[in-house]
Amino acid sequence: MLNHPASKYRQFAPVRLPDRSWPDRILTAAPIWCSVDLRDGNQALAVPMNVAQKLELFQALVKCGFKEIEVGFPSASNTEFAFNRLLIEKGHIPDDVTIQCLVQAREDLIEKTVQSLIGAKNVIIHLYNSTSPAQRRVVFGKSKDEIKAIAVQGAKWIRERLPRLAGTNVRLQYSPESFSMTEIEFAKEISEAVMDVWQPTPERKMILNLPDTVEVAMPNVYADQIEWMCRNIRDRDSLIISLHTHNDRCTGVAATELGLLAGADRVEGTLFGNGERTGNLDVVTVALNLYMHGIDPQLDFSDLSALREVYERCTGLTVPPRQPYAGELVFTAFSGSHQDAIKKGLAEWEKGGREFWDVPYLTIDPADIGREYREVIRVNSQSGKGGVAYLLESEFGIELPKDMQREFGPIANDLVDALGREVKGEELKRMFWQEYIERNTPWELKHFHADGLGGVFRCRASLVHQGKEVSVSGEGNGPISAFVQALVTAGGPKVEVSYFKEHALSADTAASAIAYIQLRSADGRSKWGAGVDTNIELASIKAVLSALNRLG
Ligand code: KIV
Ligand code: ZN
């Protein structure tokens, strides 16, 4: 990289719009959506879709509720032409769906496009030519007037052919391609020149699509460009202003959202953001962003995983695991504190009584889009005590006391860290067993018996201590205190029980009870122990020895 990037790259000159109004607006309704998956998305695939794949994706888009779908560039290839004919002749296009076709301002291409549309009910013919200084200079070697003449001539060739589509409801669309890099006054001038030819009216509007063909500035700059156009172009009420953003600076979604605030009516994009280079706008994200603000997006993504599956099969692409809403991991929490907060938030929501969704870390209810939060159950070295405890409880019914979670959490994290990978529940349970349940040195229980009378318990126990059999006896107000007293009498360490809890284990666990005990030694140290047994009393005695052995 350069030490002085300014010697090679420059700032992007923004539009002057000091009285911009879009920052004070909010979105209240869904825009008109147009999917460009089958054109912009398809043309960016290493292996473009065949007719069968395009049809499957078209049907999936219809099922989501797209009413405008750019089906291709029928003059560009036989597959694209054949696809249009198949859609029309086999009746695959619902009456309320409009198909859109892209075409350059060349007479032969326009002719072929019109031929491909004959017999359709609703169509949009989408004319474009590129308008930015770099395109004018490098690609066309033409002046602004000559570039404008290309657009006007293209618009005329289309207008001349409209009678050929009698009986078809035709809407016209013009895109000054590379709009966001074009001088704004020239973008207006060329758009108005096309309007002069097509003569849109409020009753018969044309679509003016203002593409961020290559994203070169921050999204607020695009919003200013859109607001400027909405305010300055003539006959605004005869236009549907459309956005078409790409994602070169990774702000395609932001640019679209701000562009909608700035006054646009319509949005073009693709599922999951497929498209040239870093992709087109991801329509799913913008639609679900609206949804999470309580706005009906007018698109149905209630089975997002099924849609993703069709998309991946047809395009050969993979949705990244962190893709908003759709990615494999977006409803998976790895951090223990996140897991804990989500668990509490979901419990509160399920209890009822809250009007609005407000679960920490989950912007929407995964169930609304056919997904589940259960994917969270995994532990890695970053998972906190909450995640570890959650996994032990949800999979094995082991309900660690809070303070014991604080002790075992870091122990488990260190073990997982040493493994250098995530662990499943079974491995975590094994770690817990090794740390607590199987701690039987230096003290091991061989036999224990206790009787209680009038609130006084007497116990006898035989133990193995450092390889030698030891018999002990003691008394207390319960079997545990009797056993602790017996140990002290036999010369064992002086300890006291500072916490005790026991509960039954789930039916499928071999031992039916588990006990947790915290012992405090005379020098003020505390350790937890745990024991399992089919006999609840023995489980607690084993827990005492587990804690004692861990105190060392
Ligand atoms: O990105 C773009 O500018 C386009 C146009 C053809 C609309 O895809
Ligand atoms: Zn594009």
Side-chain angles (χ1 to χ4, degrees), residues 31-45 48 68-77 80 98-106 109-110 113 123-136 138-140 147 150-151 154-155 158 171-184 186-187 190-191 194 206-217 219 221-222 225-226 229 239-253 255-256 259 264-283 286 315 317:
I32 302 165
W33 301 106
C34 175
S35 151
V36 294
D37 289 82
L38 301 170
R39 193 280 298 173
D40 218 348
N42 190 41
Q43 78 186 36
L45 294 177
E68 297 183 4
I69 302 175
E70 192 166 77
V71 288
F73 207 146
S75 59
S77 82
E80 303 273 286
T98 300
I99 57 165
Q100 174 169 315
C101 288
L102 183 72
V103 66
Q104 285 163 333
R106 276 181 36 195
L109 304 185
I110 290 171
T113 303
V123 302
I124 297 170
I125 302 179
H126 179 184
L127 172 74
Y128 78 101
N129 70 322
S130 206
T131 55
S132 69
Q135 292 271 357
R136 298 196 306 261
V138 179
V139 183
F140 301 101
I147 292 288
I150 293 175
I158 290 174
R171 200 166 323 131
L172 301 175
Q173 170 165 339
Y174 173 65
S175 293
E177 199 217 51
S178 58
F179 157 80
S180 56
M181 288 196 281
T182 302
E183 306 87 330
I184 197 87
F186 182 56
I190 195 165
S191 302
V194 171
M206 74 171 245
I207 301 166
L208 180 60
N209 190 44
L210 301 174
D212 204 5
T213 305
V214 181
E215 190 174 51
V216 292
V221 173
Y222 184 60
Q225 292 169 328
I226 298 298
M229 284 293 277
L239 297 173
I240 293 168
I241 298 288
S242 175
L243 307 176
H244 176 115
T245 62
H246 282 260
N247 203 35
D248 300 80
R249 291 168 54 99
C250 206
T251 55
V253 166
T256 298
D265 312 296
R266 180 180 187 267
V267 166
E268 292 192 346
T270 58
L271 297 177
F272 314 120
N274 177 33
E276 291 285 359
R277 309 178 306 283
T278 50
N280 282 65
L281 163 80
D282 173 10
V283 186
V286 176
T315 62
L317 296 174

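Counting starts at 1 for both ligands and their atoms, in listed order. From a predicted model like this one, the values you see are computed outputs, not experimental measurements.
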Revision key, fill the gap. Between Ser130 and Glu177, the two heavy atoms sitting closest are OG-OE1, 2.7 Å
Study note, to complete from the structure: The closest protein heavy-atom partner of atom 3 (O) of ligand 1 is Thr213 OG1, 2.5 Å
Practice item. Measuring from the Zn ion (ligand 2), count protein N/O/S atoms under 2.8 Å, please. Key: 3
Review point. Among protein heavy atoms, which lies nearest atom 4 (C) of ligand 1, and at what distance?
Key: His244 NE2, 3.5 Å
Exercise for review: Give yes if a backbone or side-chain nitrogen or oxygen of Asp40 is under 3.5 Å from a nitrogen or oxygen of ligand 1, and no if not.
Suggested key: yes
Review point. Hey, what do you get for CD1 (Ile240) to CD1 (Ile32), rounding to the nearest 0.5 Å?
Key: 4.5 Å
Check your understanding: Are any of the N or O atoms of His126 closer than 3.5 Å to those of ligand 1?
Key -> no
**Study point:** Close-contact set for ligand 1 against Arg39 heavy atoms, below 4.0 Å
**Key:** 4 (C), 6 (C), 8 (O)
**Study point:** Region of Asn209 engaging ligand 1 - heavy atom pairs below 4.0 Å
**Key:** side chain
Check your understanding: Do Ser175 and Asn209 meet the criterion of a side-chain donor-acceptor pair at a distance under 3.5 Å?
Key -> yes
Review point. Any N or O on Ser178 sitting closer than 3.5 Å to an N or O of ligand 1?
Key: no
Check your understanding: Among Thr256, Asp212, Asp282, Thr251, whose side chain to side chain donor-acceptor pair (under 3.5 Å) with Thr245 holds?
Key -> Thr256
Review point. With side chains defined as the heavy atoms from C-beta onward, is the minimum distance between Ser180 and Thr213 less than 4.5 Å?
Key: no
Exercise for review: For ligand 1, indicate whether the residue His246 contacts it via side chain, backbone, both or neither (heavy-atom separation under 4.0 Å).
Suggested key: side chain
Check your understanding: What's the shortest heavy-atom distance between Leu109 and Ser75, and which atoms?
Key -> O-CB, 3.5 Å
**Study point:** Check: Phe73 main-chain N/O paired with Glu80 side-chain donor or acceptor under 3.5 Å
**Key:** yes
Review point. Side chains of Glu68 and Gln173: does their closest heavy-atom pair fall under 4.5 Å?
Key: no
Check your understanding: Between Thr270 and Asn280, do the side chains contain an N or O donor and an N or O acceptor separated by less than 3.5 Å?
Key -> no
Practice item. Just grab all the salt bridge (charged side-chain N to carboxylate O under 4.0 Å, His left out) pairs involving residues 34-44, residues at least two apart or on different chains. Key: Arg39-Glu70
